[in-house]
Amino acid sequence: MAADALSIIPGAVLRNLSDKLYEKRKNAALEIEGIVKQLATFGEHEKISAVISLLTNDFTYSPQANHRKGGLIGLAAVTVGLTSEAAQHLEQIVPPVLTSFLDQDSRVRYYACEALYNIAKVVRGDFIIYFNKIFDALCKLSADSDANVQSAAHLLDKLVKDIVTESDQFSIEEFIPLLRERMNVLNPYVRQFLVGWITVLDSVPDIDMLGFLPDFLDGLFNMLSDSSHEIRQQADAALSEFLQEIKNSPINEFVKLGGEQLVPYYADILGAVLPCISDEEEKIRVVARETNEELRAIKADPAEGFDIGAILSIAKRELNSEHEATRIEALHWFFTLLDRYCAEFLAYLNDIFDPLLNALSDPSDAVVLLVLEVHARIAEESHHFHHLVSYLIRTFHNNHFVLEKRGALIVRRLCVLLGAEKVYREFSTILESEVDLDFASVMVQVLNLILLTSTELGELRSPLKKSLVDSCGKDLFQSLYASWRHSPMATISLCLLAQAYNHASCVIQSLGEEDINVNFLVQLDKLIRLLETPVFAYLRLQLLEPGKHTWLLKTLYGLLMLLPQQSAAFKILRTRLKTVPFSENLKRTSSANPYSQILQVTEDGNRNQDMQNYSAINFPFLLQQFENMQLQHRNHLKDQLQSRKSASTLTLSQEIQRYEEAHSSSLSEINRPPSRTSKGIL
């Protein structure tokens, strides 16, 4: 058969078909098209089959890329030459083109798209029998690494969609499994490709996509959270279209038809709908959500029978649901009622406040964030706000896991919702009198880390940086200082943030041997690393003028001297200090040990800029407060150690007593006079 083809196609044409120049390959393909037309006119289909076999075996399957390109152009040319008679040869023509979609050479893949496009234009509906394979290939090509291939595949996809929508041979039953298998793919190009097909097929009157909705609805919902705005829009549009078509739910239609006449029964309806939002059956979940939205959209009047208390009771009950989706919708109801009927809502606050507080320990971040939004709305009244923060502190105290895993999330979100300064002032006020000193220290360290790292607290850092020159900053600094003194490192961090470098140095000098423990060094390590972040950029820039900021230098060198020399933090801080451009007013003295460097301030009247407006805050009094607090912590630590020592001593005494009792028992047995029986035996 190959010999027959060689006699049909001139050798020069075959050579040009594999030429590296596109124009030569194109001209060769036109000659093949003409030859095939003549053969078709005379009904020479065996010779045409021979030509197709030659193009397939010697060209499309060739190891040479140019041969493969030529083979694809040649197969398209054969199809064009056959025109209306091409259908009988598709079994030979289409498979090698589909195989070329997987070619390693992107140009070959491009020509495969072009070839199939030209083939499809000729045969139209006759190639529907290959649709599943073509769809699979297009799905892969939609995410091709080559932009040109993607563009060619997009054009081919549009043509295939046109052919499918006008064909009466397309089988939706065979297509749905292909769609379902790919709906959970995360690639954005594939997602666009799939949504495009869903939308197109749903627009065809003779195709009932709604009947297969459960097969791909979950995938569409997942696309609503895609990072691409375009994909989210497409998925939302598709879902909206399907939701409008759903007419198979009695309760859904019942709510729509009944409207406000059903207001007195809303609690009963809601009680049935909320659990269904998490039903195992996808259709039930969809209808339940739509019904829920219908209920929430109606703004009923409490004076006309709308029972807010009954609705709140249902929502409170569903807060304990094992399903996250149901708990989230219950919280949406809390927020909706609070927003529309604030006065009536607050009348039931005693019944629902504790369950709402308990929901802050929910395992779902989404639930916790919604709970915080509800609480923030309630906390617009000061006594509710105090109650909320007190509860949070109590929760963090009783459950360190919540503090570790959720503390930052909760605090940051509250700062966004209620204002960072208001939240931090309240935390500080309550923690100032916290009796559990260990917890107070940990909590302050957490709040301090959030203060120094979170973008949400930028509005709080700004006034703190002006504490020495601005009355608002001064008041805020003193408010936080009241509880920050539970932790030496938190106090030093606050002083650095407020540019109170003189006081920071005094705090460092006041530290005793008991204060510098493992926890202190861990916190110090964190601070040194934070000094290299954008938050402290102003501080690093101040090091360019050491004569004006000598107390800053003294503070940093003080921290350096507290660090172990082999620690990473020591090396980071030492490297930073080495970049300081020392002026003549600063005499630098060093010992033989390069790690010990001390700055001495000359007494030439050059005053540190830190001292300006320094008297605005009574720092000697604050230092005394700090030292008193640290004394309490030291005494607390001593009491703990003494208790452990006493417990250990008690245990040892009990062991000695038991040993002596056992030993004396043994001695009494030895010294006891022998019994008569024993005498007889002896």
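Starting from 1, each residue takes its place in the sequence as its number.
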Partner residues of Phe135 under the ring pair (Phe, Tyr, Trp, His ring centres under 6.0 Å) criterion, sequence neighbours left out: Phe131, Phe175, Phe193, Trp197
Within a strict 4.5 Å, meaning less than it, do heavy atoms of the [X] and [Y] side chains meet?
X: Leu72; Y: Leu116; value: no
X: Met223; Y: Arg232; value: no
X: Asp105; Y: Arg68; value: yes
X: Asn118; Y: Ile73; value: no
X: Asp365; Y: Arg406; value: yes
X: Thr453; Y: Val535; value: no
X: Val164; Y: Leu201; value: yes
X: Arg285; Y: Glu281; value: no

side-chain hydrogen bond (donor to acceptor under 3.5 Å, both in side chains) partner of Arg109, the single match among Asp144, Asp103, Asp146: Asp144
Side chain to side chain contact (heavy atoms under 4.5 Å, CB included) partners of [X], counting only residues at least two apart:
X: Val123; answer: Thr79, Ala86, Leu90, Ile119, Asp126, Phe127
X: Leu186; answer: Arg191
X: Val190; answer: Cys139, Ser142, Ala143, Val185, Asn187, Leu194
X: Val200; answer: Lys161, Thr165

How far apart are the closest heavy atoms of [X] and [Y], and which atoms are they?
X: Ala28; Y: Leu17; value: CB-N, 3.6 Å
X: Ala366; Y: Ile328; value: CB-CD1, 4.0 Å
X: Thr326; Y: Ser278; value: OG1-OG, 2.7 Å
X: Ile231; Y: Gln192; value: CG1-CG, 3.6 Å
X: Ile314; Y: Ala267; value: CG1-O, 3.7 Å
X: Ala325; Y: Ile277; value: CB-CG2, 4.1 Å

So, the side chain of [X] versus the backbone of [Y]: is there a donor-acceptor pair under 3.5 Å, distance only?
X: Thr83; Y: Val80; answer: no
X: Tyr130; Y: Glu91; answer: yes
X: Arg377; Y: Leu372; answer: no
X: Ser167; Y: Ile163; answer: no
X: Thr533; Y: Arg529; answer: no
X: Arg180; Y: Phe216; answer: no
X: Asn57; Y: Ser53; answer: yes

Criterion side-chain contact (heavy atoms from CB on, under 4.5 Å) on Asn148 and Ser106, from CA distance to verdict: CA-CA 8 Å; Asn148 291 324; Ser106 62; over 6 Å; no
Rounded to the nearest 0.5 Å, what separates atom [atom1] in [X] from atom [atom2] in [Y]?
X: Leu138; Y: Leu98; atom1: CG; atom2: CG; answer: 9.0 Å
X: Asn27; Y: Leu21; atom1: CG; atom2: CG; answer: 10.5 Å
X: Ile8; Y: Leu54; atom1: CD1; atom2: CG; answer: 9.0 Å
X: Asn132; Y: Leu178; atom1: CG; atom2: CG; answer: 4.5 Å
X: Ser454; Y: Leu449; atom1: OG; atom2: CG; answer: 7.5 Å
X: Asp136; Y: Phe101; atom1: CG; atom2: CZ; answer: 10.5 Å

Worked verdict on Thr60 versus Thr99 for side-chain contact (heavy atoms from CB on, under 4.5 Å): CA-CA 9 Å; Thr60 61; Thr99 301; over 6 Å; no
Any donor-acceptor N or O pair under 3.5 Å, side chains Gln92, Ser49: yes
Donor + acceptor pair across side chains of Arg107, Tyr22 (<3.5 Å): no
Full working for side-chain contact (heavy atoms from CB on, under 4.5 Å) between Glu290 and Val273: CA-CA 10 Å; Glu290 185 180 356; Val273 168; over 6 Å; no
Salt bridge present between [X] and [Y] (N-O < 4.0 angstrom):
X: Arg289; Y: Glu293; result: no
X: Asp162; Y: Lys158; result: no
X: Arg413; Y: Glu373; result: yes

What side-chain donor-acceptor pairs closer than 3.5 Å can you find for residues 317-324, not counting sequence neighbours?
from: Arg317; atom 1: NH2; to: Gly271; atom 2: O; distance (Å): 3.4
from: Ser321; atom 1: OG; to: His323; atom 2: N; distance (Å): 3.1
from: Glu324; atom 1: OE2; to: Ser364; atom 2: OG; distance (Å): 2.7

Test side-chain contact (heavy atoms from CB on, under 4.5 Å) applied to Leu369 and Leu409, step by step: CA-CA 8 Å; Leu369 290 175; Leu409 174 70; 3.7 Å; yes
Flag if over 12 foreign heavy atoms under 6.0 Å of NE2, His332: yes
Name of the residue among Val374, Leu338, Leu274 meeting side chain to side chain contact (heavy atoms under 4.5 Å, CB included) with Trp333: Leu274
